[in-house]
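If you read the sequence from its start, that first residue is 1, and numbering goes on from there.
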Amino acid sequence: MFLLALAIYRVFQRRVRQFITPEHPLKGPGGRKLTRPTGQAIFQLFQYVNVVLFKLPDGRIQRSLDRSLTPDQRRILQGLGMDESIYV
């Protein structure tokens, strides 16, 4: 199971790195430029993404982001073939 998790982590990191170029790096913590971000650095960019649940009068629950994603977060999701709808 551990080896499978490592393999998935490696594929995740590789797919994101293919989308990042030296001309268009990611902004890391403290404003650092990340041209070859590690999986950990990528996950840190998503650390403060919050999903808010609203209970509607008819009993349904609606999910929404508390604020819009940053351009870097959107670029990472695009590199993974996803969009922000994965949160909602």
Side-chain angles (χ1 to χ4, degrees):
M1 194 57 111
F2 183 71
L3 290 177
L4 179 61
L6 283 176
I8 292 170
Y9 184 83
R10 175 71 179 125
V11 169
F12 161 79
Q13 183 175 278
R14 183 170 181 248
R15 286 193 65 185
V16 171
R17 284 182 175 180
Q18 289 174 339
F19 240 69
I20 307 306
T21 62
E23 297 82 29
H24 298 359
L26 292 175
K27 273 189 183 175
R32 287 184 340 186
K33 292 181 180 180
L34 304 173
T35 56
R36 291 192 43 82
T38 63
Q40 181 180 2
I42 296 164
F43 285 132
Q44 283 179 347
L45 290 172
F46 287 90
Q47 182 175 2
Y48 297 107
V49 172
N50 295 314
V51 177
V52 180
L53 301 176
F54 295 104
K55 187 168 184 178
L56 301 175
D58 63 0
R60 291 183 301 133
I61 298 199
Q62 181 178 351
R63 298 166 50 108
S64 177
L65 294 174
D66 68 340
R67 68 189 112 173
S68 61
L69 296 177
T70 66
D72 282 342
Q73 289 170 329
R74 284 196 176 111
R75 211 164 97 203
I76 290 169
L77 290 177
Q78 183 183 12
L80 295 171
M82 302 176 192
D83 62 14
E84 62 187 77
S85 67
I86 63 168
Y87 290 104
V88 294

In the structure I gave you, are the side-chain heavy atoms of L77 and Q73 within less than 4.5 Å of one another anywhere? no
So if you build clusters from Ile, Leu, Val, Met, Phe, Trp, Tyr with side-chain heavy-atom gaps below 4.5 Å, do V88 and V52 land together? no
Please report the C-alpha distance between R74 and S68 in whole Å, then the side-chain angles of each, then the deciding distance to 0.1 Å, and finally whether the side chain to side chain contact (heavy atoms under 4.5 Å, CB included) criterion is met. CA-CA 10 Å; R74 284 196 176 111; S68 61; 3.8 Å; yes
Got a second to check how far R17's CZ is from F12's CZ, nearest 0.5 Å? 10.5 Å
Same apolar cluster: V11 and I76, side chain cutoff 4.5 Å: no
Determine, using the 4.5 Å side-chain heavy-atom cutoff (strictly less than), whether V51 and Y48 are members of one ILVMFWY cluster. no
Using residues 28-47 as the side-chain source, report each donor-acceptor pair under 3.5 Å to any protein atom, sequence neighbours left out, with the distance given to one decimal.
{"residue": "T38", "atom": "OG1", "partner": "A41", "partner atom": "N", "Å": "3.1"}

Decide whether L69 and M82 are clustered together by the hydrophobic rule: side chain heavy atoms of Ile, Leu, Val, Met, Phe, Trp, Tyr closer than 4.5 Å, transitively. yes
Say whether L4 and Y9 are linked into one hydrophobic cluster, either directly or through other cluster members, by side-chain heavy-atom distances under 4.5 angstrom. no
Nearest-0.5 Å distance that lies between atom CZ in F19 and atom CD in Q78: 4.0 Å
Between D72 and L26 (side chain of the first, backbone of the second, donor and acceptor by atom type, cut-off under 3.5 Å), is there such a pair? no
Could you tell me if the side chain of R67 sits less than 4.5 Å from the side chain of N50, heavy atoms only? yes
